Amino acid sequence: MPPKRRWKNPSTSSKDCISDFPPSRDSEEDLYSFALKLLARRPFSVHEIRTRLSERSSSPSTISAVIEKLESKGYLNDRQYIELFLRSRERKAEGYSRLTRELRLRGLQTDLIREVLKDLYPVEQERRALTQAFEKKARTILPPMDEKKISRLYNHLLRKGFRDEEIRREIRARFGRLNDSS
């Protein structure tokens, strides 16, 4: 026996018609609780939360009020977000420029990114990460190391976000040569 239909028949009343983009009636409390649910799952930047809230509400003043409330209570802080992001990426051996690029894509301000990276990701740490990434990739390349393989290694490290001059220095130290046309 087929299950019974439990939904109502479509109404022909003009009050019940829904346009393609209905105006949102989310109150500040609804948006605040939605933002708290999002933040309970994982950290978000201010820009990401603003984007998520704007999908639910068309009122910029309500969205700004919710964000101010979250910031005042300490639930939303871009500096802490960057610090957590960097801690989560410690084992990945990525360079300064890649970290900066990914944080910019998340809507964070460039000045704040530079300031936090300067404090938490000094040049010595980037060099250690470069050495770690270099050794890991070099293990996957079969010897002998010709110019083509060195070029592949060089390009891999560039994609990982390491600085050009640091990569060249590491290759010269390891192999004593570098094709400058790469």
Side-chain angles (χ1 to χ4, degrees), residues 35-55 63-64 66-182:
L36 286 177
K37 286 178 186 176
L38 289 174
L39 290 168
R41 285 189 228 141
R42 72 170 182 90
F44 283 87
S45 69
V46 173
H47 175 75
E48 290 172 324
I49 286 290
R50 185 178 304 279
T51 303
R52 288 307 232 358
L53 293 179
S54 66
E55 293 170 358
I63 293 170
S64 295
V66 168
I67 288 176
E68 287 175 19
K69 190 174 181 181
L70 290 168
E71 287 178 330
S72 69
K73 292 192 176 193
Y75 297 138
L76 198 59
N77 185 335
D78 279 347
R79 176 178 282 283
Q80 289 177 350
Y81 178 81
I82 294 171
E83 291 171 0
L84 286 171
F85 180 84
L86 291 176
R87 281 192 208 111
S88 71
R89 296 295 186 102
E90 282 177 347
R91 294 180 184 218
K92 284 197 168 191
E94 294 174 325
Y96 184 88
S97 63
R98 181 162 182 175
L99 294 171
T100 303
R101 183 176 53 245
E102 288 192 24
L103 288 167
R104 272 196 224 132
L105 288 174
R106 295 168 189 257
L108 295 157
Q109 297 174 353
T110 306
D111 296 337
L112 181 62
I113 294 170
R114 283 186 189 139
E115 181 182 326
V116 175
L117 280 174
K118 181 181 173 187
D119 294 341
L120 296 178
Y121 198 69
V123 176
E124 298 82 31
Q125 186 173 350
E126 185 180 20
R127 285 186 184 142
R128 284 192 301 268
L130 172 63
T131 303
Q132 178 186 355
F134 186 96
E135 290 172 354
K136 183 176 179 181
K137 183 64 178 177
R139 276 184 262 148
T140 65
I141 300 173
L142 296 174
M145 292 296 282
D146 59 358
E147 295 301 320
K148 184 176 178 181
K149 291 178 181 178
I150 291 174
S151 178
R152 190 175 350 149
L153 178 63
Y154 175 84
N155 289 329
H156 170 75
L157 294 171
L158 270 180
R159 284 190 304 273
K160 295 283 271 178
F162 295 106
R163 296 180 178 130
D164 180 47
E165 63 274 359
E166 294 294 325
I167 298 171
R168 289 175 183 273
R169 186 174 321 167
E170 187 74 22
I171 288 175
R172 281 190 191 109
R174 300 284 177 119
F175 303 115
R177 64 181 192 266
L178 177 69
N179 185 358
D180 287 329
S181 65
S182 55

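Just so it is clear, the model here is predicted, and its values are computed rather than measured.
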query: Looking at R139 and E135, does any basic side-chain N land under 4.0 Å from a carboxylate oxygen?
result: no
Interatomic spacing from CG in L39 to CD in E48 - rounded to 0.5 Å: 10.0 Å
- prompt: If you look at every heavy atom in I63 and S54, which pair is closest and at what distance?
  reply: CD1-CA, 3.5 Å
task: Show your reasoning for whether salt bridge (Lys or Arg N to Asp or Glu O under 4.0 Å) applies to R169 and E166.
output: CA-CA 5 Å; R169 186 174 321 167; E166 294 294 325; 3.5 Å; yes
- request: Applying side chain to side chain contact (heavy atoms under 4.5 Å, CB included), run through M145 and I171 and close with a yes or a no.
  value: CA-CA 11 Å; M145 292 296 282; I171 288 175; over 6 Å; no
field: Spacing of R101 atom CZ and I113 atom CD1 [to the nearest 0.5 Å]
entry: 12.0 Å
query: At what distance, to the nearest 0.5 angstrom, does CG of D146 lie from CZ of R152?
result: 8.0 Å
message: Show, in sequence, the C-alpha distance, side-chain angles and deciding distance for T51 and H47, and conclude whether the side chain to side chain contact (heavy atoms under 4.5 Å, CB included) test is met.
response: CA-CA 6 Å; T51 303; H47 175 75; 3.8 Å; yes
field: Shortest non-hydrogen contact between L36 and L70, atoms and distance
entry: CD2-CD2, 3.8 Å
query: What distance separates R89 CZ from E102 CD, expressed to the nearest 0.5 Å?
result: 4.0 Å
Heavy-atom side-chain contact between E83 and R79 under 4.5 Å: yes
task: Take Y75 and K69 through the test side chain to side chain contact (heavy atoms under 4.5 Å, CB included) and record every step on the way to the result.
output: CA-CA 9 Å; Y75 297 138; K69 190 174 181 181; over 6 Å; no
- request: Mark yes when over 12 heavy atoms from residues, nucleotides or ligands other than R42 sit less than 6.0 Å from its CZ; otherwise mark no.
  value: yes
message: Can you give me the closest heavy-atom contact between S64 and R50, atom names plus distance?
response: OG-NH1, 3.6 Å
task: Kindly indicate whether the side chain of L103, heavy atoms from C-beta on, has any atom under 4.5 Å from the side chain of V116.
output: no
field: Contact summary for I167 and L158, nearest pair of heavy atoms
entry: CD1-N, 3.6 Å
message: Could you check whether K118 pairs with E115 (Lys NZ or Arg NE/NH1/NH2 to Asp/Glu carboxylate O, under 4.0 Å)?
response: no
- request: Scan R168, R174, R172 and name whichever one has a side-chain hydrogen bond (donor to acceptor under 3.5 Å, both in side chains) with E170.
  value: R174
- request: If the plane angle is over 60° it's perpendicular, under 30° parallel, otherwise tilted; pick one for Y96 and Y121.
  value: parallel
Contact check, side chains of E126 and L130, non-hydrogen atoms, under 4.5 Å: no
message: So does G107 get a backbone contact from the side chain of S45, meaning a donor-acceptor N/O pair under 3.5 Å?
response: no
task: Looking only at non-hydrogen atoms, find the nearest pair between L120 and Q125 and report the distance.
output: O-OE1, 3.1 Å
message: How long is the straight-line distance from CG of L105 back to OG1 of T100, given to the nearest 0.5 Å?
response: 11.0 Å
message: How long is the straight-line distance from CD1 of I82 back to CG of L117, given to the nearest 0.5 Å?
response: 7.0 Å
message: Could you check whether any side-chain N or O of K149 sits under 3.5 Å from a backbone N or O of L142, counting only pairs where one atom can act as donor and the other as acceptor?
response: yes
task: Verify, without hydrogens or angle tests, whether K160 (side chain) and F134 (backbone) share a donor-acceptor contact under 3.5 angstrom.
output: no
message: Treating D78 as the side-chain partner and V46 as the backbone partner, does any N or O pair qualify as donor plus acceptor under 3.5 Å?
response: yes
- prompt: Between A138 and L153, what is the shortest heavy-atom contact and its length?
  reply: N-CD1, 4.2 Å
